[in-house]
Amino acid sequence: MPSLGTIMALRGKVALVTGGAQGIGRAVVQELAHNHAQVAVVDLNASCGEQCKSELDSEFGADRSIFLQCDVSDADALTEAFQKTVDQFGHLDIVINNAGIINEKDWEKSIQVNLTSVIKGTYLGLEHMSKEYGKAGGSIINVASMAAFMHCPHHPVYTATKHGVVGFSRAMADASLLGDYGVRINVLCPAFVDTPLLRTVEHEDCLGKFFKYKDDIKKSMDHYGLLKPSLIAEGMMRLITDDSQHGAAMKITRSEGIHFHEYEPLSP
Ligand SMILES: NC(=O)C1=CN([C@@H]2O[C@H](COP(=O)(O)OP(=O)(O)OC[C@H]3O[C@@H](n4cnc5c(N)ncnc54)[C@H](O)[C@@H]3O)[C@@H](O)[C@H]2O)C=CC1
Ligand SMILES: CC/C=C\C[C@H](O)/C=C/C=C\C=C\C=C\C(=O)[C@@H](O)C/C=C\CCC(=O)O
């Protein structure tokens with residue numbers, strides 16, 4: 001049952017979630033709609049996106065969401081998705097750059113989706129929310145991973161992209177303070193989560209030369225355990241609704257639950 005405070009915080013708010021049709025993004029979309037936000041589901045997968053939209057319409061009504069098929073690595077398409085969201089709902093308050101892949105074979109694609117698109121999505125979010133553009137402010141959450149605090153030998157480029165997402169997000173949080181953007185920027189770092197992404201480690205096309213380590217990855221998953229997408233959505237809602245959170249790196253693990261990485265403070 002959503003808290004009254006959360007509903008009050010999100011009623012009338014507009015959120016854009018990339019990779020919102022499945023997995024973690026789908027759980028976040030569900031929680032946002034459940035708390036009376038309007039949601040733009042941005043995803044490459046048309047069938048999953050249409051299914052997601054149909055489910056949201058049935059539960060919350062057709063005016064609660066839109067589905068926009070988009071490859072986030074296509075900068076023009078992502079720009080158009082942001083604009084269509086504002087055209088549909090009138091404004092934008094929350095951006096969640098969540099879409100991500102594991103592909104150590106086409107590692108350039110991994111960088112495009114996991115890092116370049118997060119940077120572009122952050123800048124697009126600022127164009128539609130930052131006071132530097134005459135907008136009303138908002139919140140951006142970028143999705144990294146616990147891989148950002150480790151050196152995973154089985155997926156090194158994925159690991160690099162997630163390290164990059166953390167570093168970029170915290171740097172932009174500091175820039176937002178210095179520039180008085182009025183936009184809070186945080187990063188969410190889950191451990192292993194039970195989603196379709198984990199199935200990609202079964203495919204040589206995704207792990208490439210590291211495919212021979214797939215059993216080691218499974219041992220890691222067994223060791224650290226799998227989280228439910230709903231717990232990640234719970235952490236996401238805290239970052240969205242807690243105005244004191246800015247420049248935070250939220251970690252979510254089986255061992256520690258929802259907690260934060262300790263850093264030096266941002267610029268005074
Ligand atoms: N599943 C896990 O164990 C963990 C996942 N993460 C991160 O969480 C985020 C979401 O991952 P999951 O929900 O697990 O994955 P998922 O594969 O279940 O869902 C990802 C969604 O993103 C979409 N997507 C992929 N490439 C896209 C593109 N180029 N343009 C638009 N949409 C695209 C997919 O169609 C899918 O609907 C990713 O950034 C991932 O790196 C972080 C830590 C752990
Ligand atoms: C093939 C990759 C599959 C999924 C992608 C996912 O993003 C990768 C996660 C990689 C590592 C997960 C590590 C989980 C760690 C924990 O659960 C912690 O309890 C303990 C480990 C280290 C703590 C390091 C720290 O907190 O700084």
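Only this structure's heavy atoms are used, side chains among them; waters, hydrogens and symmetry mates stay out. First listed ligand is number 1; within each ligand, the first listed atom is number 1. Since the structure is predicted, the reported quantities are computational estimates derived from the model, not experimental observations. The first residue in the sequence is number 1, and the count goes up from there.
- Considering backbone and side-chain N/O of Y158, one or more are found under 3.5 Å from N/O of ligand 2.
- Between atom 14 (C) of ligand 2 and the options C189, A148, A191, the minimum heavy-atom separation is to A191.
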Exercise. For K218 and E202, what are the C-alpha separation, side-chain angles and deciding distance, and is it a salt bridge (Lys or Arg N to Asp or Glu O under 4.0 Å)?
Worked result: CA-CA 10 Å; K218 289 179 182 175; E202 299 290 333; 3.0 Å; yes

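- Within 6.0 Å of NZ on K209 lie no more than 12 heavy atoms contributed by other residues, nucleotides or ligands.
- At a heavy-atom cutoff of 4.0 Å, ligand 2 is contacted by no atom of T200, backbone or side chain.
- Side-chain polar atoms of N142 and S169 form a donor-acceptor pair below 3.5 angstrom.
- Atom numbering of ligand 2 starts at 1 in the shown order; those under 4.0 Å from a heavy atom of T253 are 16 (C), 17 (O), 18 (C), 19 (O).
- With sequence neighbours excluded, the residues forming a side chain to side chain donor-acceptor pair (under 3.5 Å) with Q30 are R26, E59, listed by chain and number.
- Qualifying salt bridge (charged side-chain N to carboxylate O under 4.0 Å, His left out) partners for D243, counting only residues two or more places apart in sequence or in other chains: R184.
- Contact annotation for H155 and ligand 2: only side-chain heavy atoms (C-beta onward) come within less than 4.0 Å of the ligand.
- Counting heavy atoms under 4.0 Å from ligand 2, residue K162 does not touch it at all.
- In terms of N/O distances under 3.5 Å, ligand 2 is not approached by H261.
- Atom numbering of ligand 2 starts at 1 in the shown order; those under 4.0 Å from a heavy atom of F149 are 27 (O).
- The distance from ligand 2 to the heavy atoms of V201 drops below 4.0 Å at these ligand atoms: 1 (C).
- E234 and R238 are not joined by a salt bridge, as no carboxylate oxygen comes within less than 4.0 angstrom of a charged side-chain nitrogen.
- Few gaps surround NZ on K214; more than 12 heavy atoms of other groups in view lie less than 6.0 Å from it.
- Heavy atoms of H154 found under 4.0 angstrom from ligand 2: none, in either backbone or side chain.
- Here atom 23 (C) of ligand 2 lies nearest to M146 when heavy atoms of M146, M221, M150 are compared.
- In this comparison of S145, A249, A144, the heavy atom closest to atom 8 (C) of ligand 2 sits on S145.
- Taking the six-membered ring where tryptophan is involved, the planes of Y263 and F149 are tilted, since the angle between them lies from 30° to 60°.
- Residue pairs meeting the ring-ring contact (aromatic ring centres under 6.0 Å, His included) criterion with at least one member in residues 205-247, sequence neighbours excluded, are H154-Y213.
- Atom CG of D57 and atom CD of E55 lie 10.0 Å apart (nearest 0.5 Å).
- In summary, the atoms of ligand 2 found under 4.0 Å from a heavy atom of I217, numbered by their order in the structure, are 1 (C).
- Taking 4.0 Å as the cut-off between side-chain N and carboxylate O, K228 and D194 do not count as a salt-bridged pair.
- Interatomic distance, CE of M221 versus CG of L198, reported as 4.5 Å (0.5 Å rounding).
- Around ligand 1, the residues contributing at least one heavy atom under 4.0 Å from the ligand are G19, Q22, G23, I24, D43, L44, N45, C70, D71, V72, N98, A99, G100, I101, V113, V143, A144, S145, Y158, K162, P190, A191, F192, V193, T195, P196, L197, L198.
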